[in-house]
Amino acid sequence: MKSKLLLLLIAAAMLCGCEPMRDRVTHYTYVNATDKTIVVTLYDQNFFTDDWMLEVNPDAKEVFSFVIPPREQYTRTVPRMHMRKKSVAPPFKDIEEAVCITVSNGERVISHLRPYGLFDRYAIIGKECYEETKSTSKAAYLQCIFDDEFFNYGVPVPVDD
């Protein structure tokens, strides 16, 4: 009787589309398609003191950063996380102290209070940021291309007085 019940539960799970949970690595490749150096920085609090005044928050501390030279790329691997077969880990989920992200090309800066929310916002304005290039049961590979259009939505880089 127990084996019939187990088989029935397995069959029901397969019919429902339920997938087993497993460890999976996510690789994010950021491509700089511009002629300027791009700096991506994560902070422990909001980069600006006020969303309207756009003054730099002197208390914001950098917790992670990477630089992408012109026409180059940077790949970041998010450690294994227990997830469904087709799921991907958010790009900065493993950096717990990261609260805010900025992306700058030296002339314009874009800031967002959620480290992976910036790229969600970019998708909202008409272009999906992450494209899945490959996926297996053990790893997912995604790519984000920074182009001049991306920085059209930024503000001028603040100048220190």
Side-chain angles (χ1 to χ4, degrees), residues 22-161:
R22 48 176 60 124
D23 285 340
R24 205 166 177 227
V25 174
T26 307
H27 303 276
Y28 287 93
T29 299
Y30 297 93
V31 179
N32 181 351
T34 73
D35 294 327
K36 296 176 176 57
T37 298
I38 293 175
V39 179
V40 178
T41 308
L42 283 83
Y43 294 91
D44 65 347
Q45 54 190 289
N46 200 348
F47 178 71
F48 292 114
T49 56
D50 185 313
D51 288 337
W52 300 105
M53 297 302 288
L54 301 178
E55 294 176 5
V56 175
N57 179 359
D59 297 327
K61 306 253 183 322
E62 182 180 314
V63 295
F64 181 76
S65 181
F66 58 91
V67 176
I68 314 168
R71 307 290 176 198
E72 297 288 327
Q73 63 187 31
Y74 172 84
T75 299
R76 180 167 199 293
T77 300
V78 179
R80 294 186 183 276
M81 293 189 158
H82 205 60
M83 61 184 72
R84 301 223 180 270
K85 182 180 174 185
K86 295 186 181 189
S87 299
V88 296
F92 307 105
K93 183 75 171 175
D94 59 319
I95 306 174
E96 294 178 15
E97 56 275 359
V99 172
C100 176
I101 186 171
T102 62
V103 180
S104 175
N105 66 0
E107 294 176 359
R108 300 187 73 74
V109 63
I110 298 175
S111 176
H112 199 278
L113 201 47
R114 287 183 309 126
Y116 46 90
L118 170 69
F119 305 110
D120 292 344
R121 187 174 83 168
Y122 191 46
I124 290 169
I125 59 177
K127 182 177 182 182
E128 187 161 336
C129 189
Y130 289 115
E131 173 189 353
E132 190 170 325
T133 58
K134 182 180 175 184
S135 183
T136 68
S137 62
K138 297 186 185 276
Y141 299 84
L142 291 98
Q143 175 177 282
C144 177
I145 299 175
F146 294 123
D147 54 16
D148 291 326
E149 182 184 356
F150 179 86
F151 289 100
N152 285 342
Y153 300 95
V155 296
V157 170
V159 179
D160 292 332
D161 293 332

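The analysis underlying the following values was restricted to heavy atoms, covering all of them including side chains, and did not include hydrogens, waters or symmetry mates. Just so you know, these numbers come straight off a predicted model, no measurement behind them.
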Sequence neighbours left out, what passes side-chain contact (heavy atoms from CB on, under 4.5 Å) with [X]? Give chain and number order.
{"X": "Lys134", "result": "Thr136, Tyr141"}
{"X": "Glu55", "result": "Thr49, Met53"}
{"X": "Thr41", "result": "Val39, Tyr43, Glu62, Ser65, Thr102"}

Using the side-chain hydrogen bond (donor to acceptor under 3.5 Å, both in side chains) criterion, which residues pair with [X]? Sequence neighbours excluded.
{"X": "Asn57", "answer": "Gln45"}
{"X": "Thr75", "answer": "Thr29"}
{"X": "Thr77", "answer": "His27"}
{"X": "Asn105", "answer": "none"}

Given 3.5 Å as the limit, does a donor-acceptor pair link the side chain of Asn32 with the main chain of Pro69, or not? yes

Taking the side chain from Asp44 and the backbone from Lys61, do they hold a donor-acceptor pair closer than 3.5 Å? yes

Show the numbers, then the answer: is there a side chain to side chain contact (heavy atoms under 4.5 Å, CB included) between Ile68 and Thr37? CA-CA 6 Å; Ile68 314 168; Thr37 298; over 6 Å; no

As an exercise, state the distance from [atom1] of [X] to [atom2] of [Y], rounded to the nearest 0.5 Å.
{"X": "Tyr28", "Y": "Tyr130", "atom1": "OH", "atom2": "OH", "result": "6.0 Å"}
{"X": "Cys144", "Y": "Phe150", "atom1": "SG", "atom2": "CZ", "result": "6.5 Å"}
{"X": "Leu54", "Y": "Phe47", "atom1": "CG", "atom2": "CZ", "result": "9.5 Å"}
{"X": "Glu97", "Y": "Leu42", "atom1": "CD", "atom2": "CG", "result": "9.5 Å"}
{"X": "Asn46", "Y": "His112", "atom1": "CG", "atom2": "NE2", "result": "10.0 Å"}
{"X": "Gln73", "Y": "Gln143", "atom1": "CD", "atom2": "CD", "result": "7.0 Å"}

Stepwise side chain to side chain contact (heavy atoms under 4.5 Å, CB included) test for Ser111 and Val155: CA-CA 9 Å; Ser111 176; Val155 296; over 6 Å; no

Residues in salt bridge (charged side-chain N to carboxylate O under 4.0 Å, His left out) with Asp35, at least two apart? Arg71

Which residues pass the salt bridge (charged side-chain N to carboxylate O under 4.0 Å, His left out) test with Glu107, not counting sequence neighbours? Lys36

For a 4.5 angstrom cut-off between non-hydrogen side-chain atoms, does Val67 reach Ile38? no

Tyr30/Phe66 under ring pair (Phe, Tyr, Trp, His ring centres under 6.0 Å): CA gap, chis, key distance, verdict: CA-CA 10 Å; Tyr30 297 93; Phe66 58 91; 5.4 Å; yes

I'd like to know whether Phe48 forms a side chain to side chain contact (heavy atoms under 4.5 Å, CB included) with Val109, so could you lay out the CA-CA distance, the side-chain angles of the two residues, the decisive distance to 0.1 Å, and finally the verdict. CA-CA 11 Å; Phe48 292 114; Val109 63; 4.3 Å; yes

salt_bridge(Arg108, Asp148) N-O dist < 4.0 Å: no

Examine Arg76 relative to Phe92 and say whether NZ or CZ is less than 6.0 Å from the centre of the six-membered ring and inside a 45° cone about the ring axis. no

Indicate the atoms forming the closest heavy-atom contact of Val78 with Val25, along with that distance. O-CG1, 3.5 Å

